Amino acid sequence: RALSSAASDVYKRQIISITDVENVKLINGKIEGDKNEHDYSKESTHEWGFGVDIRGSERIEIENLEISDCTGDGIIATDYKNRIKSSKDIRIKNTTIHDCRRNGISIISAIGVEISENEIYHINGTAPQSAIILESWDSKQIIDEVNICNNKIYQNGIGIDIQTQAQNVNIYENDCSNN
């Protein structure tokens, strides 16, 4: 599906933006959004506030972080430059993501993704409320070679949600409950 007009300011609402770069490591830290203090009175879905926003970037490592209280997704990985450049080689490991409104981790357009040994819980507030979602927004976006393993996923609207355009996805040895 296409981005709504509410997403037109998407680049203005992330805590950390990783756009069109290579070889980035985010290790050991805490990222906290403003979900509890956010002004929801303005006309918008308020789902575009990301903890970590990865766009068209390669060789990105996220490890040993705590990400919480984002008005949108804890982490999103997608393309850049009019759907031409997918993100590639993304590793999300040993990270705790909780109490975000839309999704814990959203993979929109990425090739070579590993999501392992994370704890994702209490994702709720606005649809789809998935711990992990693989969801391309249009046919030009690619989701390929994704491994989701050894994660603890609980008390979310949806545990792992695989939608359109995803291929070569391996899901194994995850502990999913109360989703």
Side-chain angles (χ1 to χ4, degrees), residues 1-4 6-7 9-19 26 30-36 38 40 44-55 57 60 62 65-80 86-87 90-110 113-138 141-144 146-166 169 171 174-179:
R1 74 184 179 235
L3 292 174
S4 68
D9 62 351
V10 69
Y11 292 105
K12 298 178 186 174
R13 297 192 182 195
Q14 60 285 96
I15 297 169
I16 296 178
S17 176
I18 302 170
T19 302
L26 293 176
K30 183 174 182 176
I31 297 171
E32 186 174 359
D34 71 342
K35 182 180 91 168
N36 297 324
H38 186 80
Y40 294 96
S44 171
T45 59
H46 301 273
E47 64 187 55
W48 305 105
F50 307 124
V52 180
D53 186 343
I54 304 166
R55 294 183 182 266
S57 295
I60 308 301
I62 297 172
L65 294 181
E66 178 183 357
I67 302 171
S68 67
D69 297 312
C70 298
T71 61
D73 304 344
I75 299 170
I76 186 169
T78 190
D79 48 23
Y80 181 62
S86 293
S87 291
I90 309 294
R91 305 285 173 258
I92 303 167
K93 184 175 181 179
N94 197 33
T95 290
T96 300
I97 303 171
H98 63 92
D99 295 294
C100 296
R101 281 183 71 238
R102 196 176 91 91
N103 295 311
I105 299 172
S106 292
I107 306 300
I108 309 302
S109 185
V113 178
E114 177 187 330
I115 301 170
S116 63
E117 300 175 27
N118 302 290
E119 183 175 8
I120 306 171
Y121 60 95
H122 294 160
I123 305 301
N124 62 66
T126 191
Q129 304 175 94
S130 301
I132 300 169
I133 190 168
L134 309 182
E135 170 196 32
S136 59
W137 291 328
D138 68 38
Q141 294 175 314
I142 299 167
I143 300 171
D144 195 7
V146 178
N147 291 306
I148 301 171
C149 61
N150 298 312
N151 298 287
K152 187 173 182 182
I153 298 169
Y154 58 96
Q155 296 178 349
N156 306 289
I158 300 170
I160 300 171
D161 188 1
I162 302 173
Q163 296 189 10
T164 60
Q165 307 294 106
V169 177
I171 301 172
N174 295 284
D175 180 1
C176 297
S177 62
N178 297 318
N179 295 294

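Everything numeric in this text was worked out from a predicted model, so none of it was measured.
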dist Ile115:CD1 -> Ile160:CD1 (nearest 0.5 Å) comes out at 8.5 Å
Across all chains, not counting sequence neighbours, the side chain to side chain contact (heavy atoms under 4.5 Å, CB included) partners of Ser87 are Ile54, Ile90, Ala110
Closest non-hydrogen atoms of Ser106 and Ile133, given as atom of the first, atom of the second and distance, are OG-CG2, 3.3 Å
Tightest non-hydrogen contact, residues Tyr40 and Arg101, listed as OH-CD, 3.2 Å
With sequence neighbours left out, the residues meeting side chain to side chain contact (heavy atoms under 4.5 Å, CB included) with Ile158 are Pro128, Ser130, Asp161
The side chain to side chain donor-acceptor pair (under 3.5 Å) partners of Asn147 (sequence neighbours excluded) come to Asn170
For Tyr121, the ring pair (Phe, Tyr, Trp, His ring centres under 6.0 Å) test, sequence neighbours excluded, returns His98, Tyr154
Next on the checklist: With a 4.5 Å cut-off on side-chain heavy atoms, are Glu135 and Ile108 touching?
Outcome noted: yes
The side chain to side chain contact (heavy atoms under 4.5 Å, CB included) partner of Ile97 among Asn118, Asp73, Ile75 is Ile75
Practice prompt. Report yes if the side chains of Ile171 and Ile132 come closer than 4.5 Å at any heavy-atom pair, otherwise no.
Written response: no
Closest non-hydrogen atoms of Ile120 and Gly104, given as atom of the first, atom of the second and distance, are CG2-CA, 4.3 Å
Can you find a pair of side-chain heavy atoms, one from Gln141 and one from Thr78, that are under 4.5 Å apart? yes
In short, Val52 meets Ile67 closest at the heavy-atom pair CG2-CD1, 4.1 Å
Notebook entry, point to check: Would you find a donor on one side and an acceptor on the other, under 3.5 Å apart, between the side chain of Ser57 and the backbone of Ile18?
Noted result: yes
By side chain to side chain donor-acceptor pair (under 3.5 Å), Asp34 pairs with (sequence neighbours left out) His38
Distance col, row Phe50:CZ vs Cys100:SG, nearest 0.5 angstrom, shows 11.0 Å
(Q) Taking Asn151's backbone N and O only, do any of them form a donor-acceptor pair with Asn174's side chain (distance below 3.5 Å, no angle check)? (A) yes
Distance col, row Ser68:OG vs His122:NE2, nearest 0.5 angstrom, shows 12.5 Å
Hits for side chain to side chain donor-acceptor pair (under 3.5 Å) against Thr71, two or more places apart or cross-chain, chain-then-number order -> none
Closest heavy-atom pair, Gln14 versus Asp53, reported as atoms and distance to 0.1 Å, is NE2-OD2, 3.1 Å
Nearest heavy-atom contact between Ser136 and Ile143 is N-CD1, 3.6 Å
Taken to the nearest 0.5 Å, the spacing of Glu114 CD from Ile92 CD1 works out to 9.5 Å
d(Cys70 SG, Ile15 CD1) to nearest 0.5 Å is 4.5 Å
| message | For a salt bridge (charged side-chain N to carboxylate O under 4.0 Å, His left out) check, start with the C-alpha distance between Asp175 and Lys152, then their side-chain angles and the critical distance, and finish with the verdict. | response | CA-CA 5 Å; Asp175 180 1; Lys152 187 173 182 182; 5.3 Å; no
dist Asn36:CG -> Asp99:CG (nearest 0.5 Å) comes out at 7.5 Å
